[in-house]
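I have a structure I would like to understand better, so I am pasting it below and will then ask my questions one at a time.
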Amino acid sequence: MSTVSALPSDIVHWLSAQDALSNITFLTEFPAVKKAIPLKKVIVAVGLESVTLEDKYVDDGNGILIKQEYCRSAQLHITLAIHVPFSLGGKTCHEVFSNVVDALSFASDLNIEESGCGNITSDRDTDALVLKGFLRIAADFCPAASSDMHFQSFLDKELLCGTHIRNDALHVSAGDRERWNNPIAVSSYTGTGHSTNTISLGFMPSYAAVFAAEYPCAEYNTGTGKTDIYAAYAVPGGGSVGLQIHSQGFTVLNNSPDFGSCVPYLNKAGIQYYYFVLK
C-alpha cells in the first residue's frame with residue numbers, strides 16, 4: 001500500500017480514524033462507492049486527479065544542487081468531493097472542507113502546499129449539495145522509510161530499484177567500496193637486519209613499491225662485485241628483486257644470495273624504508 005494509486009485510500013483510512021471527523025463518511029472516488037438516496041449523512045469522496053514528476057535536487061551544504069539518482073520530486077493533485085444533505089445547508093459544505101483540510105495539514109504527514117474549492121452545486125439524484133475541492137501536495141518519490149500513512153514514500157525499493165536489489169552483480173561490495181574510498185596506503189618501516197620482513201596490511205595490494213630513504217635504487221658494490229638493491233616493485237603475479245606480494249601485505253628480502261649478481265637490501269638494519277601500495 002505504498003504506491004501512488006493507493007494514496008486516496010490511505011487518506012480515506014487516516015481521515016476515518018480521526019475522532020473529530022467521526023460524523024463524516026469517507027470513501028474513494030475510484031472505485032466509485034454508491035451513495036444513499038436520499039443522502040442522510042455527510043460524505044467526502046477522495047480521488048487522485050494528476051501526478052507531476054520532476055528531477056529532485058538537494059543542496060550539498062555549499063550552495064551546489066546535487067541531482068538525486070533514485071528520488072524524484074512530485075506534485076499530486078488530490079480531489080475532494082463533499083456531499084452534504086440538503087437539510088444541512090451550504091455552510092456545512094465549507095465547514096467540512098475546512099475541517100478536512102485542517103486535519104490533513106496539521107495532523108498528517110502530508111506536505112500540503114495549496115488547497116481550495118469551487119462553487120456549491122446540487123445533486124438531485126441524491127438530494128445533496130456538492131462542493132468540489134482540491135489539495136496540491138508536494139512529495140518525494142524515493143525508497144525512503146515510509147510513515148504510518150505511507151505518505152513519505154510512494155514507491156517502495158522493490159518497485160523502484162528491483163533489478164538492482166535482485167542482481168547482486170550490480171552491487172558494490174564492501175571490499176570494492178573500501179578500495180575506492182582509500183585506494184592508496186603510504187607508510188614506512190625501519191630495517192631490522194633479518195633476512196625477511198613481512199609488512200601486514202590486511203589486504204592484498206594490487207601494486208607495491210618499496211625504497212630506502214637517501215639511498216639509490218641500486219648501487220654497485222666494488223667489494224662483492226654485485227649490485228645492491230635498495231628499491232623494488234611488485235604486483236600479485238611477480239615483481240623485481242626482493243619484494244613479494246601476498247594475501248595480507250608483502251614481504252621484503254635482505255642480503256639474499258638467490259638472485260645471482262643482484263643482492264636485495266630491503267631490510268638493512270637501521271635504514272628507513274618507505275612503501276607505497278595500491279589496493
Side-chain angles (χ1 to χ4, degrees), residues 1-33 42-84 90-121 129-157 159-161:
M1 289 288 290
S2 58
T3 60
V4 179
S5 60
L7 181 58
S9 61
D10 281 341
I11 293 177
V12 165
H13 177 76
W14 186 86
L15 288 170
S16 298
Q18 305 307 301
D19 293 337
L21 304 175
S22 59
N23 61 326
I24 303 172
T25 297
F26 294 95
L27 48 84
T28 57
E29 286 189 337
F30 183 83
V33 178
V42 175
I43 290 178
V44 176
V46 181
L48 177 62
E49 181 173 307
S50 64
V51 178
T52 302
L53 293 175
E54 296 179 347
D55 289 333
K56 179 177 175 61
Y57 294 84
V58 174
D59 194 317
D60 67 350
N62 297 313
I64 299 176
L65 295 178
I66 305 299
K67 184 177 179 180
Q68 301 298 290
E69 182 177 1
Y70 294 116
C71 293
R72 298 293 181 268
S73 293
Q75 293 287 332
L76 302 118
H77 192 98
I78 300 293
T79 59
L80 299 173
I82 300 169
H83 300 257
V84 174
K91 180 181 178 181
T92 302
C93 292
H94 290 285
E95 290 176 347
V96 171
F97 175 77
S98 297
N99 292 339
V100 170
V101 172
D102 286 349
L104 291 171
S105 298
F106 300 113
S108 79
D109 292 332
L110 288 172
N111 180 18
I112 298 175
E113 295 188 334
E114 183 182 2
S115 63
C117 60
N119 297 322
I120 297 174
T121 60
L129 298 173
V130 181
L131 176 63
K132 294 293 184 69
F134 73 91
L135 303 170
R136 185 166 59 85
I137 300 170
D140 289 338
F141 280 55
C142 61
S146 62
S147 69
D148 292 339
M149 296 175 62
H150 306 290
F151 293 152
Q152 293 180 3
S153 174
F154 300 110
L155 295 179
D156 62 23
K157 291 181 181 180
L159 180 60
L160 188 63
C161 311

Using a 3.5 Å distance criterion without hydrogens, assess whether the side chain of Ser98 forms a donor-acceptor pair with backbone atoms of Glu95. no

Give, for atom CG of Leu76 and atom OG of Ser50, the distance between the pair rounded to the nearest 0.5 Å. 8.0 Å

How far apart are the C-alpha atoms of Phe26 and Ile11, what are their side-chain angles, what is the distance that settles it, and do they pass the side-chain contact (heavy atoms from CB on, under 4.5 Å) test? CA-CA 9 Å; Phe26 294 95; Ile11 293 177; over 6 Å; no

Any heavy-atom pair between the side chains of Leu104 and Ile112 that's under 4.5 Å? yes

Nearest heavy-atom neighbours spanning Leu129 and Gly90: CD1-N, 3.5 Å

With side chains defined as the heavy atoms from C-beta onward, is the minimum distance between Ile78 and Leu48 less than 4.5 Å? yes

Separation of Cys117 SG from Leu135 CG (nearest 0.5 Å): 10.5 Å

Partner set under ring pair (Phe, Tyr, Trp, His ring centres under 6.0 Å) for His94, not counting sequence neighbours: none

Spacing of Thr25 atom OG1 and Leu15 atom CG [to the nearest 0.5 Å]: 12.0 Å

Please round to the nearest 0.5 Å and tell me the distance separating atom OG of Ser115 and atom CZ of Arg136. 10.0 Å

Heavy atoms only: give me the nearest Pro8-Gly47 pair and the separation to one decimal. CG-C, 4.1 Å

To the nearest 0.5 Å, atom CG of Leu80 lies from atom CG of Leu131 at 9.0 Å

Can you tell me if NE2 on His77 sees more than 12 non-hydrogen neighbours from other groups inside 6.0 Å? yes

For Phe97 versus Gly116, what's the shortest heavy-atom pair and its separation? CZ-O, 3.2 Å

What are the two closest heavy atoms between Ser16 and Val12, and how far apart are they? OG-O, 2.7 Å

